[in-house]
Trainee: 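The structure that follows is given in the form of structure tokens.
FYI, side chains are in, hydrogens and waters are out, and symmetry mates aren't considered; it's all heavy atoms of this structure.
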Amino acid sequence: MTTTLVQSPIFRQAQKVMFIGGEGIVQSCKHEAGRWTYLVKMPLGVDPNFGRIGAETMVLLQESDLYAT
């Protein structure tokens, strides 16, 4: 039997984070292939003339790409 230890995520849900290109709030996190991946929602800016399409403000980022604010 093999025991695998998974390190806890550094960031938590609803925490404000920064990354190259912007900032946002962690919506969720998932452990995949030995890494934590975070779904981050960026704040909406001014509505463009053509309107909004879908979830253009959501990005998936690795833990190493994020910084706490």
Side-chain angles (χ1 to χ4, degrees):
M1 178 184 276
T2 303
T3 302
T4 304
L5 297 176
V6 176
Q7 186 177 2
S8 297
I10 294 174
F11 305 102
R12 64 189 187 294
Q13 189 172 2
Q15 181 176 358
K16 191 171 182 180
V17 293
M18 295 185 323
F19 52 92
I20 295 176
E23 61 181 39
I25 298 174
V26 175
Q27 298 298 303
S28 64
C29 62
K30 185 176 182 181
H31 189 261
E32 295 180 304
R35 293 183 173 182
W36 285 101
T37 303
Y38 295 84
L39 179 63
V40 178
K41 183 175 183 179
M42 297 172 64
L44 293 174
V46 178
D47 281 342
N49 293 337
F50 52 84
R52 298 210 182 271
I53 301 171
E56 72 266 12
T57 62
M58 298 278 205
V59 291
L60 277 173
L61 296 166
Q62 299 294 321
E63 192 168 70
S64 59
D65 296 329
L66 298 174
Y67 306 93
T69 59

Trainee: Using modelled atom types and a 3.5 Å cut-off, is there a donor and acceptor pairing between side-chain atoms of E63 and backbone atoms of I10?
Mentor: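 Side chain of E63 to backbone of I10, a donor-acceptor pair under 3.5 Å: yes, one is there.
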Trainee: Taking CD in Q7 as the centre, count heavy atoms belonging to other residues, nucleotides or ligands within less than 6.0 Å. Is the count above 12?
Mentor: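 12 or below, so no.
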Trainee: Does I25 share a hydrophobic cluster with V17, counting links as ILVMFWY side-chain heavy atoms below 4.5 Å and allowing steps through other members?
Mentor: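 No: no chain of side-chain contacts under 4.5 Å links I25 to V17.
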Trainee: With rounding to the nearest 0.5 Å, note down the distance linking CG in L66 to OG in S64.
Mentor: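 OG of S64 is found 8.0 Å from CG of L66.
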Trainee: Between F11 and Y38, which heavy-atom pair has the shortest distance, and what is it?
Mentor: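 Result for this residue pair: N-OH, 3.3 Å.
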Trainee: How long is the gap from CG on D65 to CG on L60, to the nearest 0.5 Å?
Mentor: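 One finds 11.0 Å between CG of D65 and CG of L60.
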Trainee: Please name all residues satisfying side chain to side chain contact (heavy atoms under 4.5 Å, CB included) with K41, sequence neighbours left out, ordered by chain then number.
Mentor: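 K41 satisfies side chain to side chain contact (heavy atoms under 4.5 Å, CB included) with Q27, T57, M58 only.
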Trainee: Checking F19 now: which residues fulfil ring-ring contact (aromatic ring centres under 6.0 Å, His included) with it, not counting sequence neighbours?
Mentor: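 With sequence neighbours excluded, F19 shows a ring-ring contact (aromatic ring centres under 6.0 Å, His included) to no residue whatsoever.
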Trainee: Just verifying a value: how many Å separate M18 CE and T69 OG1, rounded to the nearest 0.5 Å?
Mentor: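 Between M18 CE and T69 OG1, I get 6.5 Å after rounding to 0.5 Å.
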Trainee: Measure across P9 and W36 and return the closest heavy-atom pair with its distance rounded to 0.1 Å.
Mentor: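 Result for this residue pair: CD-CZ2, 3.4 Å.
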Trainee: What's the shortest heavy-atom distance between Q15 and A68, and which atoms?
Mentor: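 Nearest pair, atom of Q15 first, then A68: NE2-CB, 3.8 Å.
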